[in-house]
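Scope of the values below: all heavy atoms of this structure, side chains included, with no hydrogens, waters or symmetry mates.
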Amino acid sequence: MKEEKRFQAESKELLHLMIHSIYSNKEIFLRELISNASDAIDKYRYLSVSSEGKYPPKEHEIFLSTNAEERYIQIQDNGIGMSKEDLEKNLGTIAKSGTKEFVEKMKEAKEKGEESLIGQFGVGFYSAFMVGKKIEVFTRDLEGHAYKFESDGVETYSIEDDENSFLQDSGTAVRVYLKDDEDDEKYGDYLKEWNITHLVKQYSDFIRYPIKMAVTKSVQDKDEEGKPIEGKYHDETEIKTLNSMTPIWKKAKKDVTDEELASFYKSRFNDYEDPLLSLFVKAEGTLSYDALLFVPKHAPYNLYSQNYEKGLALYAKGIFIEEKNKELVPDYLKFVRGLIDSEDLSLNISREMLQKSPLLSKVEKNIEKKLVEKLKSLQKEDPEKYAEFYKNYGNFLKFGIYSSYGAKAEDLQDLLKFPHLNGEKDITFAEYKEGLKENQKAIYYASGKTVESLKMLPSIARFKKSGEDVLFLTGDIDEFTIQMIPEYEKLPFKNISSLDPEELGEEEKKRLDVLKTDHKRILDDLSTALAGKVAEVTFDLGLEDAPVAIATKAGLSLQMESVLNENPGVTPEEKVEAEKVLKINPDHPLFAAIQGVTDEEEVSRIGHVLYDEALLAEGFDIEDKPAFVKNLNALLAKAYPPKEEGK
């Protein structure tokens, strides 16, 4: 007897909300129905194991079929099925799937491995009303009783006995009668083999049970002798399994070849090249999950743009949930591609969004740890491949240190590499330390635009002479990163352009003191002439052949000043300025030539020319080119006055 009932008022509201608001796109209805079918099979398998033979094992499958004339698609399983009470409770009352209640009843078994098979998603069944105008559910329960549920998803539903059901065994068949086609929505496409195959591959490819469907294929006709007849074909139907079932990330690493990994990566992440690195991660505990991670051989073309979206693909029990979950990978590893599959993540009713959970943060930290460990192993075992990685992604490791204000320095600092004065190949901090000279108590570095320009710095001369090495920081982020690393194994980092005179030897200190006393007037005059440009004018005994050099006081270097001020959007008021120091070589002939100058205007010209020359030597542009030319010409005219006629 058919019994028709009306949805409760609050159920009607929730049903409308689910159909029109919860799900982001209509096509996921098939994923939901297939997932519910998989859950039902999971439940049967659990009972089969725990019932001591009452419910015998089956060959489980999910079968899809369509009827073009009646415009319906059917999803059928041979799982647990539903009783009349189950239909009333699970389908007649919205937002109660019965799954969590089932889990509660089974907790006494305390078989965690089996309990994890049971779905905990909610009633995705009602998503079918996004595409369907009517749904019929045929089911046979474990006691052999069959029922039929029917609803239009608007006002009413009905449940009736169905003892003549086509279902011969326990299980459920959901039949979705599609809405009429509209101008902007072709619901009839959900009846087409190619579309069903595509949706299964996209969302349900790794459901653990075979998803089967009768498909039509074109076969060439043959003559009586079995030879193909050119131009003549006929259609044949075959049962085809649409899904892969066993995800590659669920397999043991030893059972997956490099070729299989590369093929999966290229097809899944739309890359034309094999990945540079791959990493399997299997975690068990409070949150169990499998992850498969890849580092692309080349950086994605838009990696540095604001439009680039980081994130790992998320699966739950092999069911595709989200293409890019941003919470699963830190910003400095945004170039990593991959996926995570877990049976324990808490999803909301639509399976589309994760509930807020501290577990996600734990996953991210573990993924980060595994990736860093992988990079450290690669650095030791395959330096050439690591060099290739570092060329593409080294700046991101530096960003990891800088953006964390040094919190990640201990984890990442040994992965950094820099060009240096005493060799052609980039070196790590550890390799720099191995080459320390006796009594050297710091790691020296110089920052600038290029290695070539840094090798020509006036301040580099003393290091060429002493043999002490100098790291060259040429990237925009390099010096900012170093600022976040106070020291490396008790060795402080020091910019060679900002060395404190106190670090000099006793003899050098004494000579500097004498020079400053003897030539106080010229230093004061130059300081006055360059007021507003430099904070100090002093001497430097290590400039060798260079007459002058520019340095900065501790904190902000010229390179950092340049990087900060060149950022887009920086206003004139927001620009920063380093405290500059003009250093003069007291042993250079130029100083001997200018120390006796007392004319205020001439001293000003000399000071500005020396300042501009020092900037050029550091690789920076002259601030006021016309003034430089004017001052230089005036000094040349003074030095080489016109000869009197006849002389």
Side-chain angles (χ1 to χ4, degrees), residues 23-42 60-66 68 72-77 119 121 124 127-128 130-131 174 176 178 186-218 237-251 256 259-272 275 278 290-294 311-325 337-343 347 350-352:
Y23 296 95
S24 60
N25 63 79
K26 293 181 173 64
E27 65 185 22
I28 56 84
F29 85 93
L30 187 58
R31 177 193 73 183
E32 294 299 290
L33 296 181
I34 290 174
S35 298
N36 284 348
S38 176
D39 291 348
I41 296 174
D42 283 346
H60 289 290
E61 68 177 26
I62 299 168
F63 198 88
L64 310 182
S65 57
T66 61
Y72 71 71
I73 180 172
Q74 179 172 292
I75 298 87
Q76 180 177 340
D77 68 71
F121 285 119
S127 65
M130 291 189 296
V131 300
V174 179
V176 182
L178 298 171
K186 304 299 182 184
Y187 294 101
D189 284 349
Y190 294 117
L191 299 174
K192 297 177 180 178
E193 288 179 7
W194 64 266
N195 198 22
I196 295 172
T197 300
H198 164 70
L199 293 178
V200 170
K201 282 303 250 185
Q202 181 173 357
Y203 293 108
S204 307
D205 197 31
F206 304 113
I207 290 286
R208 70 185 82 212
Y209 309 110
I211 302 171
K212 297 181 178 180
M213 184 173 70
V215 298
T216 301
K217 64 177 183 178
S218 182
T237 300
E238 67 175 4
I239 304 299
K240 182 180 179 182
T241 299
L242 305 181
N243 59 324
S244 303
M245 289 184 282
T246 304
I248 191 172
W249 58 87
K250 289 284 189 182
K251 298 179 181 179
V256 181
E259 290 74 19
E260 288 175 316
L261 264 180
S263 177
F264 172 80
Y265 166 76
K266 287 187 285 190
S267 62
R268 177 62 181 80
F269 297 101
N270 301 314
D271 200 344
Y272 63 92
S278 61
D290 295 285
L292 182 53
L293 310 171
F294 299 96
L312 302 179
L314 180 67
Y315 290 76
K317 296 175 67 176
I319 302 164
F320 175 72
I321 302 299
E322 188 177 4
E323 182 59 38
K324 289 185 178 178
N325 186 289
R337 291 174 171 171
L339 53 88
I340 288 179
D341 186 1
S342 174
E343 300 191 6
L347 299 171
S350 73
R351 306 183 198 237
E352 291 183 319

Full working for side chain to side chain contact (heavy atoms under 4.5 Å, CB included) between E238 and V215:
CA-CA 6 Å; E238 67 175 4; V215 298; 3.8 Å; yes

Please evaluate residues D205 and F320 with respect to the criterion side chain to side chain contact (heavy atoms under 4.5 Å, CB included), reporting the C-alpha separation (whole Å), side-chain torsions for both, the decisive distance (0.1 Å), and the verdict.
CA-CA 8 Å; D205 197 31; F320 175 72; over 6 Å; no

For Y190 and K26: C-alpha separation, side-chain torsions, deciding distance, then whether side chain to side chain contact (heavy atoms under 4.5 Å, CB included) applies.
CA-CA 10 Å; Y190 294 117; K26 293 181 173 64; 4.0 Å; yes

Evaluate V176 against L33 for side chain to side chain contact (heavy atoms under 4.5 Å, CB included), listing each step before the verdict.
CA-CA 10 Å; V176 182; L33 296 181; 3.8 Å; yes

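No side-chain heavy atom of W249 sits less than 4.5 Å from a side-chain heavy atom of I340. With a 4.5 Å cut-off on side-chain heavy atoms, E61 and T241 do not count as touching.
Contact record, K251 with V256: CB-CG2, 3.8 Å, taken as the closest heavy-atom pair. For the pair F29 and A128, the tightest heavy-atom approach, listed with the atom from each and the gap, is CB-CA, 3.9 Å. Closest heavy-atom contact between A214 and E193: O-OE2, 3.9 Å. Closest heavy-atom contact between P275 and A262: CD-CA, 4.0 Å. Nearest heavy atoms, D77 versus A40: OD1-CB, 4.0 Å. Contact detail for G338 and F294: the closest heavy-atom pair is CA-CD1, 4.4 Å.
For the atom pair L312 CG and L293 CG, the distance stands at 6.0 Å (nearest 0.5 Å). To the nearest 0.5 Å, atom OH of residue Y72 and atom CG of residue L191 are 10.5 Å apart. Atom-to-atom distance recorded for S244:OG and I207:CD1 is 12.0 Å, nearest 0.5 angstrom. Taken from CD in Q74 to CG in L64, the straight-line distance is 9.5 Å, to the nearest 0.5 Å. Separating the NE2 atom in H60 from the CZ atom in R208 is a distance of 11.5 Å, to the nearest 0.5 Å. Rounding to the nearest 0.5 angstrom, the gap separating the OG atom in S35 from the CG atom in L30 is 9.0 Å.
At most 12 heavy atoms of other shown residues, nucleotides or ligands fall within 6.0 angstrom of atom NZ in K217. For K240, the NZ atom sits in a loose shell: 12 or fewer heavy atoms of surrounding residues, nucleotides or ligands are nearer than 6.0 Å.
With hydrogens and angles disregarded, no donor-acceptor distance shorter than 3.5 Å links the side chain of E27 to the backbone of L199. Checked by atom type and distance alone, the side chain of D341 pairs as donor or acceptor with a backbone atom of G318 at under 3.5 Å. Panel note: side chain D290, backbone K250; no donor-acceptor pair is recorded below 3.5 Å. With N243 contributing its side chain and V200 its backbone, the two residues share no donor-acceptor pair below 3.5 Å. No side-chain donor-acceptor contact under 3.5 Å links N325 to the backbone of L314.
Salt bridge E323/R268: present, at least one basic N to carboxylate O contact under 4.0 Å.
Ring planes of F264 and F269: perpendicular class, angle over 60° (limits at 30 and 60°). Classification of the Y315-F206 ring pair by plane angle, with boundaries at 30° and 60°, yields perpendicular.
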